[in-house]
A.B. asks: 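Have a look at this one.
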Amino acid sequence: MKVKKDNQPIIMFDGICNVCNHWVQFVIKRDPKGIFKFLSLQSDLACSLITDYNLNNKQLDSIILIDKDQIYTESTAILHIINKLTGPIRFFVLFWVIPEKIRDKVYRFIAKNRYRFFGKKESCLVPSKEIQNRFIKTKIEGGKINE
């Protein structure tokens, strides 16, 4: 399934997780060219993509990056995202030197406890008019994605 025509990377995130929503806002502020599009994991399209890409339950507790038909999850997704942002945050790409198993163990600990540590919302993020175009709003009808 083709996700979009413009081939921009998509960040899929837990729309009710406070830390995930803060991460999305953080990325938007450091992505002035609008490289990334965003999609809540609670959306119908995200459910379809999860099935299409055969993602497992471990990956669903993660920020998921789809970039050029590649899937990145957990700490690897975060580092790929940071690598495309502007500003001092790019310093954190140095975490590539830490073995993935160690990075992901820390990531999974935070992901597993994200609601307890940071809370959650009753409903998904509703983007402001200024950033609405950064969020994918789609319906799947007859196997086709309509934007």
Side-chain angles (χ1 to χ4, degrees), residues 1-115 117-121 124-140 145-147:
M1 174 185 299
K2 290 293 179 197
V3 178
K4 53 194 164 76
K5 301 168 192 118
D6 55 13
N7 206 28
Q8 287 178 277
I10 297 173
I11 298 173
M12 293 175 30
F13 67 101
D14 181 348
I16 61 171
C17 170
N18 284 333
V19 74
C20 299
N21 282 294
H22 287 294
W23 171 250
V24 167
Q25 297 298 324
F26 180 88
V27 169
I28 288 170
K29 288 180 185 174
R30 288 153 186 84
D31 178 21
K33 293 181 182 175
I35 294 169
F36 294 104
K37 292 280 191 175
F38 301 91
L39 179 64
S40 168
L41 284 168
Q42 287 80 9
S43 70
D44 290 339
L45 177 56
C47 291
S48 178
L49 291 171
I50 287 163
T51 301
D52 289 350
Y53 283 100
N54 297 316
L55 297 172
N56 62 40
N57 286 340
K58 178 188 83 164
Q59 293 164 315
L60 299 182
D61 265 349
S62 175
I63 293 283
I64 301 170
L65 174 65
I66 302 174
D67 190 6
K68 297 178 182 141
D69 286 329
Q70 293 290 314
I71 300 290
Y72 304 100
T73 61
E74 298 180 328
S75 66
T76 302
I78 298 294
L79 291 173
H80 275 280
I81 294 165
I82 287 172
N83 194 43
K84 294 183 183 214
L85 299 179
T86 61
I89 188 65
R90 289 183 49 92
F91 170 79
F92 286 97
V93 295
L94 295 175
F95 281 109
W96 280 115
V97 300
I98 298 172
E100 184 177 6
K101 284 185 179 189
I102 295 170
R103 291 189 330 254
D104 284 349
K105 190 171 187 172
V106 172
Y107 185 98
R108 281 192 290 276
F109 173 77
I110 294 169
K112 182 180 176 184
N113 295 289
R114 68 190 184 274
Y115 296 144
F117 293 162
F118 305 103
K120 66 180 182 177
K121 299 180 180 305
C124 291
L125 168 75
V126 177
S128 67
K129 287 186 179 189
E130 295 81 28
I131 61 171
Q132 276 182 348
N133 65 331
R134 304 288 302 276
F135 290 79
I136 299 171
K137 295 175 278 186
T138 62
K139 292 182 181 176
I140 301 175
I145 298 172
N146 300 316
E147 291 193 68

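Treat the numbers as computed from the prediction; the structure is a model and nothing was measured.
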A.B. asks: For residues Asn113 and Phe109, report the shortest heavy-atom separation together with the two atoms involved.
C.D. replies: ND2-O, 2.8 Å
A.B. asks: Measuring from Ile136:CD1 to Leu45:CG, what's the distance to the nearest 0.5 Å?
C.D. replies: 6.5 Å
A.B. asks: By the definition side-chain contact (heavy atoms from CB on, under 4.5 Å), identify the one residue from Val93, Asp67, Asp31 that meets it with Lys84.
C.D. replies: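 Of the listed options, the one satisfying the test is Asp67.
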A.B. asks: Kindly compute the distance separating CD1 (Ile66) from CD1 (Ile71), expressed to the nearest 0.5 Å.
C.D. replies: 4.0 Å
A.B. asks: Does Ile98 offer a backbone N or O that forms a donor-acceptor pair with the side chain of Arg103 under 3.5 Å?
C.D. replies: yes
A.B. asks: Got a sec, which residues hit ring-ring contact (aromatic ring centres under 6.0 Å, His included) with Phe92, two or more places apart in sequence or on another chain?
C.D. replies: Phe95
A.B. asks: Ile64 versus Leu39: any side-chain heavy-atom pair under 4.5 Å?
C.D. replies: no
A.B. asks: For Tyr115, enumerate each residue passing the side chain to side chain contact (heavy atoms under 4.5 Å, CB included) test, keeping only those at least two apart in sequence or located in another chain.
C.D. replies: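 For Tyr115, the residues satisfying side chain to side chain contact (heavy atoms under 4.5 Å, CB included) (neighbours in sequence not counted) are Asp14, Ile16, Cys17, Lys120.
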A.B. asks: Treating Lys68 as the side-chain partner and Pro9 as the backbone partner, does any N or O pair qualify as donor plus acceptor under 3.5 Å?
C.D. replies: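 A pair under 3.5 Å: no.
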A.B. asks: Evaluate the side chain to side chain contact (heavy atoms under 4.5 Å, CB included) criterion for residues Phe118 and Ile110: first the C-alpha distance (whole Å), next the side-chain angles of each, then the deciding distance (0.1 Å), finally the verdict.
C.D. replies: CA-CA 10 Å; Phe118 305 103; Ile110 294 169; 4.2 Å; yes
A.B. asks: If you take all heavy atoms of Asp104 and Ser75, which pair is closest and at what distance?
C.D. replies: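 Taking Asp104 first and Ser75 second, the nearest heavy atoms are OD1-OG, 2.5 Å.
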A.B. asks: Could you give the distance from OG (Ser43) to CG (Leu49), rounded to the nearest 0.5 Å?
C.D. replies: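 One finds 7.5 Å between OG of Ser43 and CG of Leu49.
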A.B. asks: In Å and rounded to the nearest 0.5 Å, what is the NZ to CZ distance from Lys101 to Arg108?
C.D. replies: 10.0 Å
A.B. asks: Holding to ring-ring contact (aromatic ring centres under 6.0 Å, His included), I want the full list of residues that pass it with Tyr107, two or more places apart in sequence or in another chain.
C.D. replies: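 If we apply the ring-ring contact (aromatic ring centres under 6.0 Å, His included) test to Tyr107, skipping adjacent residues, there are no hits.
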A.B. asks: Looking at every non-hydrogen atom in both residues, tell me the closest pair between Leu85 and Arg90 and how far apart they are.
C.D. replies: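 So the minimum-distance heavy-atom pair works out to O-CD, 2.8 Å.
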A.B. asks: Look at the side chain of Asn83 and the backbone N and O of Leu79, then say whether any donor-acceptor pair between them is shorter than 3.5 Å.
C.D. replies: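 Checked: no pair found.
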A.B. asks: Starting from the C-alpha separation in whole Å, work towards a yes-or-no answer on side chain to side chain contact (heavy atoms under 4.5 Å, CB included) for Trp23 and Ile63.
C.D. replies: CA-CA 9 Å; Trp23 171 250; Ile63 293 283; 3.6 Å; yes
A.B. asks: Closest approach of Ala46 and Ser40, non-hydrogen atoms and distance?
C.D. replies: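 Residues Ala46 and Ser40, closest heavy atoms: CB-O, 3.2 Å.
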A.B. asks: To check you understand the geometry: which heavy-atom pair defines the closest contact between Leu41 and Cys47, and what is its length?
C.D. replies: O-SG, 4.3 Å
A.B. asks: With Phe36 as reference, evaluate Val24, Val27, Ile28, Ile10 under the side-chain contact (heavy atoms from CB on, under 4.5 Å) test and give the passing residue.
C.D. replies: Val27
A.B. asks: Give the C-alpha distance, both sets of side-chain angles, the deciding distance and a yes or no for side chain to side chain contact (heavy atoms under 4.5 Å, CB included) between Asp69 and Tyr53.
C.D. replies: CA-CA 9 Å; Asp69 286 329; Tyr53 283 100; 3.3 Å; yes
A.B. asks: If the plane angle is over 60° it's perpendicular, under 30° parallel, otherwise tilted; pick one for Phe38 and Phe135.
C.D. replies: tilted
A.B. asks: First locate atom CD of Glu74, then atom CG of Leu65, and finally report the distance between them rounded to the nearest 0.5 Å.
C.D. replies: 13.5 Å
A.B. asks: Is Trp96 close to Thr76 at the side-chain level, that is, under 4.5 Å between some pair of heavy atoms?
C.D. replies: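 The answer is yes; the side chains approach within 4.5 Å.
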A.B. asks: Rounded to the nearest 0.5 Å, what's the gap from NZ on Lys37 to CE on Met12? Could you check?
C.D. replies: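 Spacing of NZ (Lys37) from CE (Met12) equals 16.0 Å.
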